[in-house]
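Working notes, beginning with the structure itself.
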2 protein chains.
Amino acid sequence: MSARPKTSDAGIRAVARKLLEEGGIDNLSMLAVADAVGVRAPSLYKRFSSKSDLLLAVTGDTLLELQASVEKAVHPRSAYRSLERMAAAYRAFAKKNPRAYQLIFEDIPLSLDDRSDRDVRLAAAAALLRILSEAMGEEKALLGARTLVSFLHGFLSMELNELFRFGGDINEAFRFGLSTILNALLGSGGRTRR
Amino acid sequence: MSARPKTSDAGIRAVARKLLEEGGIDNLSMLAVADAVGVRAPSLYKRFSSKSDLLLAVTGDTLLELQASVEKAVHPRSAYRSLERMAAAYRAFAKKNPRAYQLIFEDIPLSLDDRSDRDVRLAAAAALLRILSEAMGEEKALLGARTLVSFLHGFLSMELNELFRFGGDINEAFRFGLSTILNALLGSGGRTRR
DNA sequence: ACCTGAACACCGTTCAAGT
DNA sequence: ACCTGAACACCGTTCAAGT
């Protein structure tokens, strides 16, 4: 008897996330996770079939949080304001969770056939597509979303990896790029550039 | 006596690049490199002080090639045409060298204080900045470059990781995003959207 | 049902010893 | 000068054995 669980699925994911954020992906070993959780490494394999599996679960958690943050920023009446605030929320989340954020876009070709991961990703894009559909029409919304998300992710990827090396104000660069794209996408219906 | 070199600095970098492109970063171990080069692993450490060091060198090679490809695409008379062709060259290079391309933006916080790496990166951006300076004025050029490069890198990062999952024509999405941004940056002086 | 120690194959890296 | 075998600490993962 005995053999009562010393931890939980969610507990392991949380510890993994913490180790990742604190010391990067190299700090996230199954042995370190097991240690922090108070268990031996082999026990982790009862709950996650591999390290990839655990990373995928962490990515899922991160995506859900990112989606929630971005959706909270939607403004009821203005598409421009919504997109501006969603973009700010997106950037704030990425800067607060840099390692987890980068996991979403990098290590995940594994997850292509993972149903739940796919669903979370689609949900995360839904709010953006809805707003752009209303503002640009359904046929252009997907093109607009891809333009906007590409800019956002590219900007964050460069900012987090400290690849903006010519000096200048990074916040201004973000505002400039975002307003350039939003004005172009929303046309004269949107707010004009300040 | 004997002990003549069985390989060279450049030979090792080329093999590493090949292993990386063929089987991803997991395929690029010091033992695999040594094996492919016809030497034992410890010998590699005479030329590269660590695996990171080798990866950094591979990244440098990649950056130089990327810079050369993009610069070849410059058009003598039209800023719009130059930027359009440079963007196409950038995308073509990334799709032809997906793993090496991703290395540039991911694994490289190590290289922040590496002089030569820094220089290569600055040079790679110089052509773009020059063209935008002529078209937008010097004060706006850096902002415009950051907008454009963010879009390009974000788009490629998503495309290479197969994260465009709503269907639709990816080439059309690239053309749409690029022309949206170029028209907005270059104003009525540029070519109008098709 | 869950946990464990022991073991396996594989890493990156160091170093004394060879030619 | 360059290469090598042996060794170290660490990793992901498996599995038979414990309670």
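Convention: sequence-line order gives letters A, B, ...; per-chain numbering from 1.
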Cationic N near anionic O, under 4.0 Å, B:Arg17 to B:Glu65: yes
Give a yes/no answer on whether the side chain of A:Ser43 brings an N or O atom under 4.0 Å of OP1 or OP2 in C:dT4. yes
Between D:dC2 (C1') and B:Asp9 (CG): distance, integer Å: 14 Å
To the nearest Å, give me how far apart NZ (B:Lys51) and P (C:dC11) are. 9 Å
In whole Å, what is the span from the CG atom of A:Leu55 to the C1' atom of D:dT13? 15 Å
Does A:Phe105 offer a backbone N or O that forms a donor-acceptor pair with the side chain of B:Asn161 under 3.5 Å? yes
Counting C-beta onward and ignoring hydrogens, is there a side-chain heavy-atom pair between B:Leu185 and B:Lys140 closer than 4.5 Å? no
Rounded to whole Å, the CG-P distance (A:Asp35 to D:dC10) equals 12 Å
Test ring-ring contact (aromatic ring centres under 6.0 Å, His included), reference A:Phe174, set A:Phe155, A:Tyr90, A:Phe164, output is A:Phe155
What does A:Ser29 touch in the nucleic acid at a heavy-atom separation under 4.0 angstrom: a base, only the sugar-phosphate, or nothing? sugar-phosphate
ring-ring contact (aromatic ring centres under 6.0 Å, His included) assessment of B:Tyr101 paired with B:His153: CA-CA 10 Å; B:Tyr101 172 79; B:His153 170 54; 5.8 Å; yes
Under 3.5 Å, side-chain donor or acceptor atoms of residues 22-29 of chain B against the rest of the protein: list the pairs with distances, not counting sequence neighbours.
from    : atom 1 : to      : atom 2 : distance (Å)
B:Asn27 : ND2    : B:Leu19 : O      : 3.2
B:Ser29 : OG     : B:Ala32 : N      : 3.0

B:Leu31 CG - D:dC3 C1' separation (whole Å): 15 Å
A:Leu44 atom CG is separated from D:dT14 atom C1', nearest whole Å, by 14 Å
Paired stretches of DNA chain C - 3 or more consecutive Watson-Crick or G-U pairs, each distance under 3.5 Å: C:4-8 with D:12-16, C:12-16 with D:4-8
How many Å lie between CZ on B:Arg40 and P on C:dT13, as a whole number? 19 Å
Phosphate oxygens OP1/OP2 of C:dT4: is one of them under 4.0 Å from a side-chain N or O of A:Lys6? yes
Assess the residue pair A:Lys95 and A:Leu156 against the criterion (side-chain contact (heavy atoms from CB on, under 4.5 Å)); give the C-alpha distance rounded to whole Å, side-chain angles, the decisive distance to 0.1 Å, and a yes or no. CA-CA 8 Å; A:Lys95 294 186 75 165; A:Leu156 265 304; 4.2 Å; yes
In whole angstrom, give the distance that lies between atom NZ of B:Lys46 and atom P of D:dA1. 11 Å
